[in-house]
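Accompanying notes for the structure given below.
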Amino acid sequence: MDKHYYITTPIYYPSAKPHMGHAYSSIITDVFARFKKIDGFKVYFLTGTDEHGLKIQRASEENNMNPSDFCDKISKTFKDLCKTLNLSNSDFIRTTEDRHKKSVQHLWTELEKSGDIYLSKYSGWYSVSDEAFYNDNEIETKDNYKVSKVSGSKVEWVEEESFFFRLSKWQDKLLEYYEKNPQFILPESRKNEVVSFVKSGLKDLSVSRKSFSWGIKVPSDKDHVIYVWLDALTNYISALKYPDISNDLYKKFWPADVHIIGKDILRFHAVYWPAFLLAAKIPVPKRIYGHGWILSGEEKMSKSKGNILDPIDIIDNYGLDPLRYYLIKEVSFGNDGTISKDKLEDCINSDLANNYGNFCQRVTAFAEKNCNSKIPSKINFTEVDNKILNKFSENLTNLRNYINNQKLNSYVDFIVGSLFDANKYFNDEEPWAKKNDIERLNTIIYTSLELIRKISIMLYPIIPDSSLKSLKIFDINEKDITFDSIKDNNFLKANNKISKTDILFKKILK
RNA sequence: GGCGGGGUAGCUCAGUUGGUUAGAGCGCGGGACUCAUAAGCCCGAGGUCAGUGGUUCGAUCCCACUUCCCGCUACCA
């Protein structure tokens, strides 16, 4: 039976152009998706855009466009980003699509039927200029006016009719679910935050708005549109054709294996989403991973600080794979990380150019001169050769576990360690000094070529383009890659041609 | 304020269920080699493991207190 794997990025809110945070979430997700693909899984990788809400409605008005055309335009920039980042996504969902609307409205109706939605009033201190509600403890009285303590702007008491979701009802069930599924929320530190939040008591959630119209209408009351989370989160199942739960996509891929998200939206994914699903009697996803943020130097990137590193700029200047590699290798996954041109350049030079790229180069160049550009025959592995080659089969399970548990850094550490070993092996065995011992020379070359093959396969999920370039040496194409084959020490067939490879990563002169 | 996490080499981080000389990568200094993108390999310098006190034969790791940093504390996403 086929093995299935469903992984998602957040759907992005396109009120601004794509930034490093979007790129990071997407690249991370792509790494997992690609790994699973070469490990024999049928993978469904979903990304998309969340296009409803007041901000979008306003932004479209400001641009003198109708919201629908406006969304088409901005959603496209995110779709383009998928190509720019070389994502292997299976689908791109937009919340303005009919398939999504149908899905959301059906889910709403289910929640209504189960008694989890009721009509009431949403009220609070509202600041028009801040577009935000404030609690009693967030306002103060100044010159006979109520103002926000934070912004100082005037607030007024607003009441609005709204539908509510009985989130409070699900508090215990959620805690029970976290208890029974200790790996549901990762990383562990963030799980604690969610649990303590839920334990502190859940209030019912306002899930509709009458104050604007750009959204999916509440089926039973056309004056209301369905508010953000109930709309947005549903994308994860609407892409699988929910409510048609007998179709293949849904049957095979739901519940999702992991939703990759940023830590800023963890609560919505780890609390609201499972609560909606529990209420609608839909299985809950297996895992929510809330990753950290990419900071620039010490600070969060912001326009005012002028320290924004635009992913597109970086890709234009350094290439895509260096950025992908950097984000995976240099950021401690789960924690916040930093990026700077300086660190990126160091990483490119030491890891990609000197270590990986140069190893491919020195081995293939040597093989060209000494083996007539053919995979050598007459090989006889010694203990040294077997030791370095067997490390991969010995770690096959570990590597799979790393990916299954989102231990990205452990996965990369193994690769980097293998590269050090490979360079050391080549150095220590001195093939250039073995020209009168052809069998030994051939064996060293063969072993080294196998190392290139194995390491390149492991790198494929992270830097797919470069990995494929490298595997071209052996005429291995994308569709032929299997992760499992890194356990094979005799994969390369004698006398097959070794294709010359270009320099994979140019060193950056500093 | 409450709850939680953290302060380990110049930088980024790992680690110790408490036990002889505390680890990696990068950066830095030196060496031998030459197949390679002057890459790679070897050796080395550099840390009172935030501070104070306690438990213990012994603490960087356990406990208490101090100090600094960060996160969460609901309807922008």
Side-chain angles (χ1 to χ4, degrees), chain A residues 10-16 21 50 52-56 122 124 130-135 137 162 164-165 167 187-209 227-230 232 261-268 271-272 290 292-293 298 329-332 335-338 340 342-343 345-370 409-410 412-413 416-417 419-420 422-435 441 444-445 448 502-509:
Chain A
I11 48 172
Y12 302 119
Y13 198 67
S15 59
D50 171 21
H52 290 129
L54 188 58
K55 271 192 188 169
I56 298 285
Y122 182 79
D130 298 350
E131 291 176 35
F133 279 90
Y134 292 103
N135 288 329
N137 59 9
S162 169
F164 281 79
F165 172 74
L167 187 62
E188 188 82 17
S189 55
R190 301 240 160 72
K191 172 193 166 175
N192 298 335
E193 289 173 7
V194 172
V195 170
S196 70
F197 172 78
V198 174
K199 277 186 178 160
S200 76
L202 294 176
K203 290 193 286 188
D204 288 349
L205 188 69
S206 165
V207 287
S208 79
R209 284 296 134 96
Y227 195 51
V228 54
W229 292 107
L230 193 47
I261 57 164
K263 62 181 182 180
D264 48 331
I265 52 174
L266 180 59
R267 187 197 317 136
F268 313 112
V271 181
Y272 300 177
W293 287 337
E298 295 292 302
K329 158 88 186 325
E330 294 297 324
V331 176
S332 168
N335 299 325
D336 290 350
T338 59
S340 65
D342 211 43
K343 290 179 65 175
E345 288 175 359
D346 284 346
C347 175
I348 292 170
N349 284 349
S350 52
D351 280 34
L352 295 176
N354 293 349
N355 214 345
Y356 175 56
N358 185 55
F359 183 70
C360 296
Q361 201 65 27
R362 72 195 294 206
V363 172
T364 50
F366 196 86
E368 188 187 7
K369 286 175 199 155
N370 296 282
N409 299 100
S410 302
V412 182
D413 284 350
V416 174
L419 280 168
F420 283 127
N423 270 310
K424 181 172 166 51
Y425 168 85
F426 203 77
N427 241 75
D428 291 353
E429 296 311 305
E430 301 182 313
W432 52 89
K434 301 283 159 48
K435 297 196 178 173
L441 186 143
I444 295 166
I445 300 307
S448 302
D502 291 334
I503 284 185
L504 284 173
F505 300 95
K506 280 196 187 116
K507 276 195 80 161
I508 291 156
L509 299 171

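Letters go in sequence order (proteins before strands), and every chain restarts at 1. Every value quoted in this text rests on a predicted model; they were computed, and no experiment measured them.
Close to U37(B), at under 4.0 Å from its OP1 or OP2, lies no side-chain N or O of Asn354(A). Contact annotation: Lys424(A) side-chain N/O to G40(B) OP1/OP2 distance is not under 4.0 Å. Contact check, Tyr425(A) against C35(B): no side-chain N or O comes under 4.0 Å of OP1 or OP2. Applying the 4.0 Å criterion to OP1 and OP2 of G4(B), one finds that Lys191(A) has every side-chain N and O outside that range.
Look at Phe366(A) and the base of C35(B); the rings do not stack under the cut-offs of 5.5 Å between centres and 30° between planes.
Contact annotation: side chain of Asn358(A) to base of A36(B), donor-acceptor pair present below 3.5 Å.
Between U56(B) and A74(B), the two P atoms lie 45 Å apart (nearest whole Å). Atom C1' of G5(B) sits at a distance of 39 Å from the matching atom of C43(B), rounded to the whole Å. Straight-line distance between the C1' atoms of A24(B) and U16(B): roughly 15 Å, to the nearest whole Å. The same atom, P, is picked in C42(B) and in G4(B); the two are 46 Å apart, to the nearest Å.
In this pair, Trp432(A) and Phe366(A) present their aromatic rings perpendicular. The plane angle is above 60°, beyond the 30 to 60° band. Under the 30°/60° scheme for interplanar angles, the aromatic rings of Phe268(A) and Trp229(A) are found to lie parallel.
Taking the side chain of Tyr227(A) as heavy atoms from C-beta on, and the options C76(B), C26(B), C33(B), the nearest nucleotide is C76(B). In the set G25(B), C75(B), G71(B), the nucleotide with an atom closest to the side chain of Phe420(A) is G25(B). When the nucleotides A74(B), A36(B), G40(B) are ranked by their closest atom to the side chain of Leu202(A), A74(B) comes out on top. Here A77(B) is the nucleotide among A77(B), C75(B), U37(B) with the atom lying nearest to any side-chain atom of Asp264(A).
Among the protein residues, Leu504(A) comes within range of the nucleic acid bases, having at least one heavy atom under 4.0 Å from a base atom. Within the 4.0 angstrom heavy-atom criterion, base atoms lie near Gly201(A).
Across all strands shown, G23(B) forms a Watson-Crick or G-U wobble pair with C13(B), both key distances being under 3.5 Å. Pairing for C33(B) is absent, judged as Watson-Crick or G-U wobble with the two contacts each under 3.5 Å. With a cut-off of 3.5 Å on both pairing distances, the Watson-Crick or G-U wobble partner of G4(B) is C70(B).
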